[in-house]
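One structure below.
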Amino acid sequence: VSTGLVLTGSAAGLLLAYYSLRAGDRVGVFGFDAQVRHYRAPQAGVRAMPGIQRACAALEYSADETNYTLGLSELGRRLRRRALVVVLTDVVDAVTAELMLENLDRLARRHVVLFVSVRDPALDAVIAAAPAAALDVHRAVVAADLVREREAVLHRLRRRGVGCLDAPPDRISAGLINRYLEIKRRERI
């Protein structure tokens, strides 16, 4: 039996948790920002779902900068067996992304890592819109830079063997379940 870890309280993460429990996998919750905020050890069975829901609900938004070195190192220490680690987060600035990449790379040496981020459709809309004023051009350039930085981080993650799912909000849940099924079908966990 494999272990899937969900790092957020999002609907997509909860859906994956429920689906994984129904498939016989064990699911835990690990949340962190500048420090580890919550850990719920992986458990099996659909009866574990209410505890997972409570754990995810307890994860509060924080303005603290995420410390990927601390969080992912601690997660790696807590995992006793090979696991599917689902990291639900967002692509961040270049400096923070570098630390995230290093630590995800380290985690991916032992575990199957799936990096899930929600693509902002508003950025694509700003880029595609015909500019009516100079400020529109400026916004489009900034949006294009953000998208380009995001793509660079995702490309680097993929090169390091980390699975990536980058989709708009309305496609995250289905994409996450499909990736989980693909990982199971290939017997990677």
Test side-chain contact (heavy atoms from CB on, under 4.5 Å) on L176 and L15 and set out the steps. CA-CA 9 Å; L176 190 50; L15 179 62; over 6 Å; no

Step by step, work out the side chain to side chain donor-acceptor pair (under 3.5 Å) result for Y68 and S73. CA-CA 8 Å; Y68 286 99; S73 296; over 6 Å; no

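- Of all the heavy atoms in L165 and G175, the pair that sits closest is CD2-C, 3.5 Å.
- Other members of the cluster containing L146 are L123, I127, V142, V147, with ILVMFWY side chains joined at under 4.5 Å, either directly or via other members.
- Taking all atoms of both residues into account, the shortest heavy-atom contact from P131 to V137 is CB-CG2, 3.7 Å.
- Under the 3.5 Å distance criterion, the side-chain polar atoms of R82 are matched with a main-chain donor or acceptor of R188.
- Rounding to the nearest 0.5 angstrom, the gap separating the CG atom in L114 from the SG atom in C164 is 7.5 Å.
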Applying side-chain contact (heavy atoms from CB on, under 4.5 Å) to R148 and E151, what does each step give before you reach the verdict? CA-CA 5 Å; R148 194 172 17 264; E151 291 300 325; 5.8 Å; no

Under the criterion side chain to side chain donor-acceptor pair (under 3.5 Å), I'd like the reasoning laid out for T69 against N103: C-alpha separation, chi angles, the key distance, then a yes or no. CA-CA 6 Å; T69 302; N103 289 285; 3.0 Å; yes

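- Between D64 and A34, the closest heavy-atom pair is CB-CB, 3.9 Å.
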Residues T89, F115; criterion side-chain contact (heavy atoms from CB on, under 4.5 Å); working and verdict: CA-CA 8 Å; T89 189; F115 182 86; 3.2 Å; yes

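- Closest non-hydrogen pair, V153 versus L101, comes out as O-CD2, 4.0 Å.
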Solution key, residues 46-54 side-chain donor-acceptor pairs under 3.5 Å, sequence neighbours excluded:
none

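- Side-chain atoms of R110 come within 3.5 Å of backbone N or O of L79 as a donor-acceptor pair.
- Across every non-hydrogen atom of G76 and L107, the tightest pair is CA-CD1, 3.7 Å.
- E74 and R77 are joined by a salt bridge, as a carboxylate oxygen and a charged side-chain nitrogen come within less than 4.0 angstrom of each other.
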Test side chain to side chain donor-acceptor pair (under 3.5 Å) on Y180 and D25 and set out the steps. CA-CA 11 Å; Y180 167 77; D25 288 331; 2.4 Å; yes

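- F30 does not carry R78 over the face of its six-membered ring by the limits of under 6.0 Å from the centre and within 45° of the normal.
- With a 6.0 Å radius and a threshold of 12 heavy atoms from other residues, nucleotides or ligands, R22 has its CZ atom at or below the threshold.
- Considering CG of D105 and CZ of R159, their distance stands at 10.5 Å, rounded to 0.5 Å.
- The shortest heavy-atom contact between A167 and I172 is O-CD1, 3.5 Å.
- Evaluation of the salt bridge (Lys or Arg N to Asp or Glu O under 4.0 Å) test over residues 165-181, restricted to residues two or more places apart or in two chains, returns R119-D166, R150-D166.
- Tracing side-chain contacts under 4.5 Å through hydrophobic residues (I, L, V, M, F, W, Y), one reaches I183 starting from Y19; they form part of the same cluster.
- V116 is connected to I177 through a chain of hydrophobic side-chain contacts under 4.5 Å among Ile, Leu, Val, Met, Phe, Trp and Tyr, so both are in one cluster.
- In this structure, the side chain of H111 engages the main chain of A83 through a donor-acceptor pair within 3.5 Å.
- A donor-acceptor pair is defined here as one N or O able to donate and one able to accept, closer than 3.5 Å; such a pair exists between the side chain of D136 and the backbone of A133.
- Linking ILVMFWY residues whenever their side-chain heavy atoms come closer than 4.5 Å, directly or via other members, leaves V29 and L70 in distinct clusters.
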Begin from the C-alpha positions of L104 and L72 and carry the test side-chain contact (heavy atoms from CB on, under 4.5 Å) through to its verdict. CA-CA 7 Å; L104 285 174; L72 295 174; 3.7 Å; yes

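- Note on R160 versus E102: no salt bridge recorded, every NZ/NE/NH1/NH2 to OD/OE distance being 4.0 Å or above.
- Linking Ile, Leu, Val, Met, Phe, Trp and Tyr residues whenever their side-chain heavy atoms come within less than 4.5 Å places L181 and L84 in a single cluster.
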